[in-house]
Number of protein chains: 4
Amino acid sequence: MKKDLIADSAIVLLAEKGYANTTTRMISESAEIAVGTIYTNFKNKEGILDYIFQTEYDKREAYLKVLLTSNSAYLEKLNRFLDFHFSELSKNEKLALVLIQESSNPELSHLAGIQNFIQQIPDFFKTILVEAMANGEVRPLDPELTAEIIFSTIRGTVLNVAGKNALSDSESIQKELKSFITHAVQKR
Amino acid sequence: MKKDLIADSAIVLLAEKGYANTTTRMISESAEIAVGTIYTNFKNKEGILDYIFQTEYDKREAYLKVLLTSNSAYLEKLNRFLDFHFSELSKNEKLALVLIQESSNPELSHLAGIQNFIQQIPDFFKTILVEAMANGEVRPLDPELTAEIIFSTIRGTVLNVAGKNALSDSESIQKELKSFITHAVQKR
Amino acid sequence: MKKDLIADSAIVLLAEKGYANTTTRMISESAEIAVGTIYTNFKNKEGILDYIFQTEYDKREAYLKVLLTSNSAYLEKLNRFLDFHFSELSKNEKLALVLIQESSNPELSHLAGIQNFIQQIPDFFKTILVEAMANGEVRPLDPELTAEIIFSTIRGTVLNVAGKNALSDSESIQKELKSFITHAVQKR
Amino acid sequence: MKKDLIADSAIVLLAEKGYANTTTRMISESAEIAVGTIYTNFKNKEGILDYIFQTEYDKREAYLKVLLTSNSAYLEKLNRFLDFHFSELSKNEKLALVLIQESSNPELSHLAGIQNFIQQIPDFFKTILVEAMANGEVRPLDPELTAEIIFSTIRGTVLNVAGKNALSDSESIQKELKSFITHAVQKR
DNA sequence: TATGAATGAGTCTTCATTCAT
DNA sequence: TATGAATGAAGACTCATTCAT
């Protein structure tokens with residue numbers, strides 16, 4: 001509870017100011033708790049970020065587990081995951097910004113939660129692409145590289161768009177982005 | 001001279017540690033100058049970043065000016081700009097990482113050099129896409145959004161790849177990325 | 001408590017070295033606290049000065065409130081305030097020096113505590129002089145200007161004398177000064 | 001020439017910002033010379049202040065030498081010196097402020113020029129007072145102390161008044177101050 | 001004599017973290 | 001578990017002074 005209160009307060013600040021410019025004092029004031037309470041709930045400041053990323057990663061992993069056992073077409077699976085990912089990001093624009101911004105922060109790259117987030121998700125894309133290629137659903141391509149490209153594309157797009165506070169209008173963006181990706185990989 | 005010596009030393013550190021973790025002392029030691037010399041050449045620490053981005057933006061702008069007056073097909077222009085952009089990034093992986101990482105740093109987003117970089121370049125993509133659509137070279141799409149997506153795609157890809165110090169092997173990545181983008185926008 | 005410990009330690013240093021030459025480190029060492037503790041008690045270095053002046057001003061203001069309601073002769077009131085002011089300064093020579101020296105420091109003139117000190121006190125003199133003139137106790141004079149002159153006279157005298165560490169012998173000085181002022185304004 | 005150009009530029013800045021907040025760079029820019037040129041004309045930054053005070057002291061000393069040999073009444077001599085001193089200060093308000101402000105700056109009190117200024121001038125007052133007392137022109141008083149009080153009175157008054165940029169209207173102030181001092185010491 | 005880029009010691013201030021209550 | 005005053009290392013930046021030109 002306290003943990004999520006702290007994390008939620010942190011997300012708002014992190015989205016606006018970035019990790020280095022968000023102080024533990026700001027977080028405690030925003031959460032209306034004492035600074036010390038942060039440290040009874042988290043090992044340290046980094047721990048908050050780690051927790052945020054891990055939580056989001058866990059959600060996606062759970063969804064993936066279900067998705068992978070479904071028997072829809074592979075591109076369909078990819079699309080459904082994109083839908084899920086996007087809908088999660090749309091629920092909380094600030095969180096979306098944090099996930100994007102801080103995942104490329106070199107001073108945080110050692111955190112397990114961040115590593116999971118930026119390594120496992122593209123890895124899933126790769127898995128799908130490999131199968132989809134074998135299946136003739138997508139054109140011949142380097143699945144690892146393309147997986148990274150897709151992940152990057154989403155990441156970069158969200159960053160651009162969320163930065164402009166327009167994620168709420170995300171339906172059209174989501175559509176355009178899915179269309180972009182589908183066209184990019186689809187066999188004609 | 002001193003200005004570029006300082007900027008170059010900063011780039012190496014910034015790529016490895018990020019803006020917040022790179023101190024002015026580190027930069028001065030790496031450049032083998034006194035801390036004060038940074039301040040005879042730049043207004044402040046941010047000024048170094050601003051200069052780095054502005055310099056790179058200027059290069060691209062100059063290339064674009066020439067490119068836009070050439071009479072190749074629009075998609076060809078896009079491809080040639082991607083080639084140029086990528087070849088510039090490949091020349092200096094550390095610089096590439098800095099350009100990508102710090103362009104999404106909210107504490108630096110107010111810098112003119114960064115704003116130029118992240119606003120003007122997608123704007124150019126948009127210009128090309130509009131013309132290319134009118135010309136029937138690309139499928140119907142939202143040019144502004146797609147321009148952002150393309151920019152993000154490059155940005156994200158470079159981040160992923162340069163982060164792994166594999167930009168040297170960039171030829172295949174570059175090919176894959178160009179192929180990805182071309183397929184994504186091309187009319188069939 | 002801590003606040004006064006810091007202020008008291010600062011006074012000793014400020015008297016000897018002046019504001020610009022007294023560092024926060026010196027103050028913290030002299031007060032046997034950490035530098036950071038200064039900043040949990042004061043907004044910044046200037047804040048210490050502001051507090052010192054405000055505190056001293058408050059004492060004088062409180063005394064004045066009582067004095068003004070007493071029904072002694074006006075020149076008597078002036079003399080009693082001079083007695084009070086002098087006795088306060090004599091209690092702490094270092095403080096006296098700080099009050100005098102830094103009240104004419106242009107880099108500190110914006111502080112509310114200092115402005116109160118150097119504006120309100122002469123203002124009180126003026127009030128008394130106006131009444132005393134109407135009453136025929138003092139010769140015709142410009143009350144505003146004379147109030148400033150009296151304030152300046154005290155200020156300058158304390159500076160000269162405290163600078164020579166002779167404030168302890170202040171009784172004779174105080175007598176001489178009061179005699180000087182009384183003669184200066186008195187109707188013959 | 002250069003020396004006076006530098007000193008004059010310094011005076012304007014020192015009056016507004018005080019010694020600690022006036023940098024050598026500011027002075028050089030205001031004088032439209034290079035920083036280094038300050039150091040070919042003065043030993044260091046303090047040297048400028050020393051020169052300013054010494055110059056002003058020399059003027060007063062020269063005037064005093066003449067005055068003392070004149071055979072006017074002693075109080076008249078005092079009045080004439082006050083006239084001279086005031087007229088000098090009125091010529092250059094900024095200089096007046098510097099002389100007052102920095103003469104009480106503890107970090108500068110070791111400068112010979114300043115020591116002359118604040119020790120020799122009251123010493124002259126004392127000389128006059130001693131003679132005037134012996135002569136029955138002034139009431140019985142402590143000449144040393146009273147000399148300091150007079151010096152302080154002038155100093156403080158100029159500070160108050162020059163700080164308000166009203167030294168130009170100095171005629172009335174000068175009159176009031178002289179009247180104040182005369183009344184204060186005069187035998188009835 | 002004049003220049004001004006370079007110097008680096010020294011400033012104020014911040015802030016993650018601790019720990020006695 | 002929660003608190004928040006205290007800590008002090010570390011950071012950005014300044015500025016008097018120097019010296020090669």
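Every chain is numbered from 1 and lettered A, B, ... according to where its sequence line falls, protein lines coming before strand lines. Hydrogens, waters and symmetry mates are skipped; everything else that's a heavy atom, side chains included, is used.
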Which nucleotide in [options] has an atom nearest any side-chain atom of [X]:
X       : options               : value
C:Thr24 : E:dC12, E:dT3, E:dA5  : E:dC12
A:Lys45 : F:dT7, E:dT17, E:dG4  : E:dT17
C:Arg25 : F:dA6, F:dA10, E:dG10 : F:dA10
B:Tyr39 : E:dT3, E:dT7, F:dC13  : F:dC13
D:Val35 : E:dA5, F:dA16, E:dC15 : E:dA5
A:Thr37 : E:dG4, E:dT7, F:dT3   : F:dT3
D:Thr23 : F:dG4, F:dC15, E:dC12 : F:dC15

Would you say [X] places a side-chain N or O within less than 4.0 Å of OP1 or OP2 belonging to [N]?
X       : N     : result
D:Thr40 : E:dA2 : yes
B:Asn41 : E:dA6 : yes
A:Lys2  : F:dA2 : yes

Let me know the distance between [atom1] of [X] and [atom2] of [N], rounded to the nearest Å.
X        : N      : atom1 : atom2 : result
C:Glu46  : E:dT11 : CD    : C1'   : 14 Å
C:Glu29  : E:dT11 : CD    : P     : 11 Å
D:Ile6   : E:dA2  : CD1   : P     : 8 Å
D:Glu107 : F:dC15 : CD    : C1'   : 14 Å
B:Glu32  : E:dA5  : CD    : P     : 22 Å
B:Leu108 : F:dA12 : CG    : P     : 12 Å
A:Asn21  : E:dA16 : CG    : P     : 10 Å
D:Tyr19  : F:dC15 : OH    : P     : 13 Å

How do B:Thr22 and C:Gly36 order along DNA chain F: which one's closest nucleotide is nearer the 5' end?
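So the residue in question is C:Gly36.
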More than 12 heavy atoms of other residues, nucleotides or ligands under 6.0 Å from NZ of C:Lys59: yes or no?
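Enclosed.
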Ignoring hydrogens and angles, state whether a donor on the side chain of [X] or [Y] is under 3.5 Å from an acceptor on the partner side chain.
X        : Y        : answer
D:Asn41  : D:Tyr51  : no
B:His110 : B:Gln115 : no
C:Gln101 : C:Asn105 : no

Within the structure shown, what part of the strands sits under 4.0 Å from A:Ile38 by heavy-atom distance: base, sugar-phosphate, or nothing?
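No contact.
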Hey, is D:Glu88 close enough to D:Arg60 for a salt bridge, meaning N to O under 4.0 Å?
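No, D:Glu88 and D:Arg60 are not salt-bridged.
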Is there a Watson-Crick or G-U wobble partner for E:dT21 with both distances under 3.5 Å, and if so, which one is it?
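Across all strands, the one nucleotide that pairs with E:dT21 is F:dA2.
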Counting the benzene-type ring for Trp, do A:Phe117 and A:Phe53 have ring centres under 6.0 Å apart?
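Distance test on ring centres: under 6.0 Å, yes.
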